[in-house]
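Chain identifiers are assigned alphabetically (A, B, ...) following the order of the sequence lines, protein sequences preceding nucleic acid strands; residue numbering begins at 1 within each chain.
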2 protein chains.
Amino acid sequence: MPATCEQPLTLHKEKVLALKDAIELLSGKWKFCILLNLYNYGTLRFKDLQETSVGITPKVLSKELQELEENQLITRTVNNTKPVTVSYALTPHATEIQPVINALVEFGLKHRMKIKGTSS
Amino acid sequence: MPATCEQPLTLHKEKVLALKDAIELLSGKWKFCILLNLYNYGTLRFKDLQETSVGITPKVLSKELQELEENQLITRTVNNTKPVTVSYALTPHATEIQPVINALVEFGLKHRMKIKGTSS
DNA sequence: ATAGTCGCTTTCCTAAAGGTAACGGATAAC
DNA sequence: GTTATCCGTTACCTTTAGGAAAGCGACTAT
């Protein structure tokens, strides 16, 4: 039905499925933010993530971290420190998301200028 | 607090804000999918989008399109055809999102192989 | 006049996301 | 023994996203 079709239909459908997988995994208010902080700082403890992801509550942070770990995007390491601390870090597999985040950040910056300049 | 800091704090905070803006705008189950279809086909009518975004209901599609239009990512054009048709197309500003979608698709493909190969 | 297409809108509902607040065990400092 | 830190968990609640089903106005074809 569409007027133009730039690529085979099957290839396009595969892309749609892959996109839906990625969305199912990463959508929500916090996951990208958590990952960005880990990209920037390398390794962060629970409390660090609570502070850098401004506004998140411990309950939600805990849940997001579990989901990211289940999907092998981060690792969880318990350190035997004085009060127990837990370190979170990215897995190699998570580096595949870095281009996504970079692109999102860049779009966000441009969109800010575009929209907030227009509607004022 | 974080162990390593690869860039100035202010720059990082700006990135976090831009990322949150982008997430607020694009998160959800359908927006990326709609945009991908428009990238692929160039221009689509309401019903085309309903078919290519498999599973979406007219109500939700309508809402998503309105939000995308409000944010100047797509244009809405009413054609004076026999039964009324409406064409949706991307704005130049929307091309900024293409890298995001490409990166998401690529991640989705790799993640499929990684996870579904592992857990079987 | 009946039935179909297209682009929605409306109503109703459920499930999930996410927030608030308080508490828990472990350990350590005062 | 009281307080504090760290990493959560639990219980409860509100908000939002999103799905199901039906209808509607304009037009067309039979």
Interface residues of residues 81-89 of chain B with DNA chain C (non-hydrogen, below 4.0 angstrom):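 When residues 81-89 of chain B is checked for heavy atoms under 4.0 Å from DNA chain C, the hits, listed by number, are B/Pro83, B/Val84, B/Thr85, B/Val86, B/Tyr88.
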
Pairing residues for B/Gln98 by the side-chain contact (heavy atoms from CB on, under 4.5 Å) criterion, not counting sequence neighbours: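 Testing B/Gln98 for side-chain contact (heavy atoms from CB on, under 4.5 Å), a comparison that skips the adjacent residues, returns B/Tyr39, B/Asn102.
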
By a strict heavy-atom criterion of less than 4.0 Å, which residues belonging to residues 54-64 of chain A are in contact with DNA chain D?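 By residue number: A/Pro58, A/Lys59, A/Ser62.
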
Distance check needed: [N] [atom2] versus [X] [atom1], whole Å only.
| X | N | atom1 | atom2 | result |
| --- | --- | --- | --- | --- |
| A/Leu65 | D/dC6 | CG | P | 16 Å |
| B/Glu51 | C/dG7 | CD | P | 10 Å |
| A/Asn80 | C/dA28 | CG | P | 11 Å |
| A/Leu44 | D/dC7 | CG | C1' | 15 Å |
| A/Gln50 | C/dG18 | CD | C1' | 15 Å |
| B/Lys47 | D/dC27 | NZ | C1' | 16 Å |
| B/Glu24 | D/dA17 | CD | C1' | 15 Å |
| A/Phe46 | D/dC7 | CZ | P | 7 Å |

Could you tell me which residues satisfy side-chain hydrogen bond (donor to acceptor under 3.5 Å, both in side chains) with [X], sequence neighbours excluded, listed by chain and number?
| X | value |
| --- | --- |
| B/Glu67 | B/Lys31 |
| A/Lys110 | B/Glu96 |
| A/Asn79 | A/Thr85, A/Ser87 |
| A/Asn71 | none |

Side-chain N or O of A/Lys29 less than 4.0 angstrom from OP1 or OP2 on C/dG18?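 Result: no.
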
Can you see if the side chain of B/Arg45 gets near the phosphate of C/dC8 - specifically, an N or O under 4.0 Å from OP1 or OP2?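 For C/dC8, OP1/OP2 do not have a side-chain N/O of B/Arg45 under 4.0 Å.
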
Residue pairs passing the ring pair (Phe, Tyr, Trp, His ring centres under 6.0 Å) test where at least one lies in residues 11-34 of chain B, sequence neighbours excluded: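 Of all non-adjacent pairs touching residues 11-34 of chain B, those that pass ring pair (Phe, Tyr, Trp, His ring centres under 6.0 Å) are A/Tyr41-B/His12.
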
Which pairs with one or both residues in residues 52-95 of chain B pass ring pair (Phe, Tyr, Trp, His ring centres under 6.0 Å), sequence neighbours excluded?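 Residue pairs passing ring pair (Phe, Tyr, Trp, His ring centres under 6.0 Å), neighbours aside: A/Phe107-B/His93, A/His111-B/His93.
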
Quick one: look up who C/dG24 pairs with, Watson-Crick or G-U, both distances under 3.5 Å, and put none if it's unpaired.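 Its partner is none (no Watson-Crick or G-U wobble pair with both distances under 3.5 Å).
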
Nucleotide opposite D/dT2 in a Watson-Crick or G-U pair, distances under 3.5 Å: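 Its partner is C/dA29.
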
Regarding A/Gln66, tell me which of base, sugar-phosphate or nothing describes its non-hydrogen contacts under 4.0 Å with the strands shown.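 Sugar-phosphate, backbone atoms only, no base.
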
Could you tell me whether A/Lys47 and A/Glu51 make a salt bridge, using a distance below 4.0 angstrom between a side-chain N and a carboxylate O?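 Salt bridge: yes.
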
Are there more than 12 heavy atoms of other residues, nucleotides or ligands under 6.0 Å from atom CD of A/Glu106?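 Counting neighbours around CD of A/Glu106, 12 or fewer heavy atoms of other residues, nucleotides or ligands fall under 6.0 Å, so no.
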
